[in-house]
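The structure appears below as C-alpha cells.
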Amino acid sequence: MRDLAIRNTHATVVTINGLDATDSNGDVVVLDESAITAEETRLQAVYDSQEYARKRKAEYDQLNQFEMQFDDKENSTTTWVDKINEIKGRHPK
C-alpha cells in the first residue's frame, strides 16, 4: 500500500526501490512522509469500508446463480432471491 500511496502523492515518481523513489530521469524524488502516511490512512479506510463487498462476493461466487434464477422462474420459487438476501444479511453495508 505504501507504493500506491507514494505514487498517489508524488506524480513524478516512476520507480520505487525500498525507501527511495526516482523520477523518469533517474533523479531521487524527496518524499513527503506526512503526505504518504495520510494517503496510506485514506487507502486503508477505503479498503476497510469494502470488507462487506469482498465477503459477499466470496459467497456469491460459490452460487450457481444463473441456474438458481432459471429454476426459480420455472418453479415459481424465490430460492435465488432468498439466498442473496441471506448473504446480504450476514454481510451488511
Leu43 vs Asn8, side chain to side chain contact (heavy atoms under 4.5 Å, CB included): CA-CA, chis, key distance, verdict:
CA-CA 10 Å; Leu43 290 170; Asn8 287 353; 4.0 Å; yes
What's the verdict on side chain to side chain contact (heavy atoms under 4.5 Å, CB included) for Ile84 and Gln65, showing C-alpha distance, side-chain angles and the deciding distance?
CA-CA 9 Å; Ile84 295 299; Gln65 293 191 50; 3.9 Å; yes
Between Asp48 and Gln44, is a side chain to side chain contact (heavy atoms under 4.5 Å, CB included) present by the stated rule, with each step listed?
CA-CA 6 Å; Asp48 292 347; Gln44 187 64 52; 2.7 Å; yes
Output, in order, the C-alpha distance, side-chain angles, deciding distance and verdict of side chain to side chain contact (heavy atoms under 4.5 Å, CB included) for Leu31 and Thr9.
CA-CA 9 Å; Leu31 300 177; Thr9 57; over 6 Å; no
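Between Asn17 and Thr22 the shortest side-chain heavy-atom distance does not fall below 4.5 Å. Counting only heavy atoms from C-beta outward, the side chains of Tyr60 and Lys88 approach each other to under 4.5 Å. For the pair Asp71/Thr77, no side-chain contact is recorded, criterion being any heavy-atom separation below 4.5 Å from C-beta on.
Atom OG1 of Thr79 and atom CD of Gln69 lie 11.5 Å apart (nearest 0.5 Å). To the nearest 0.5 Å, the span separating CD1 on Ile36 from CG on Asp3 amounts to 10.0 Å. Atom CG of Asp82 sits about 8.5 Å away from atom CE of Met68, to the nearest 0.5 Å. For the atom pair Thr37 OG1 and Arg42 CZ, the distance stands at 14.0 Å (nearest 0.5 Å). Once rounded to the nearest 0.5 Å, the distance linking CZ of Arg2 with CZ of Arg7 reads 12.0 Å. How far CD1 of Ile6 is from CG of Asp20: 9.5 Å, rounded to the nearest 0.5 Å.
Scanning all heavy atoms of the two residues, the minimum distance from Val46 to Ser49 falls at O-OG, 2.7 Å.
The backbone N or O of Asp23 sits nowhere less than 3.5 Å from a side-chain atom of Asp27 that would complete a donor-acceptor pair. One N or O on the side chain of Arg56 and one on the backbone of His91 form a donor-acceptor pair closer than 3.5 Å. Side chain of Arg54 to main chain of Tyr47: a donor-acceptor pair is present (N/O by atom type, distance under 3.5 Å, no hydrogens or angles).
Residue Phe70 qualifies as open at atom CZ: its count of foreign heavy atoms under 6.0 Å is 12 or below.
Legend: residues meeting salt bridge (Lys or Arg N to Asp or Glu O under 4.0 Å) with Glu51, ordered by chain and number and at least two apart, are Lys55.
Hydrophobic clustering keeps Ile16 apart from Leu4 (ILVMFWY residues linked when any side-chain heavy atoms are closer than 4.5 Å, directly or through intermediates).
Checking Ser34 against Asp32 by side-chain atom types alone, a donor-acceptor pair falls below 3.5 Å.
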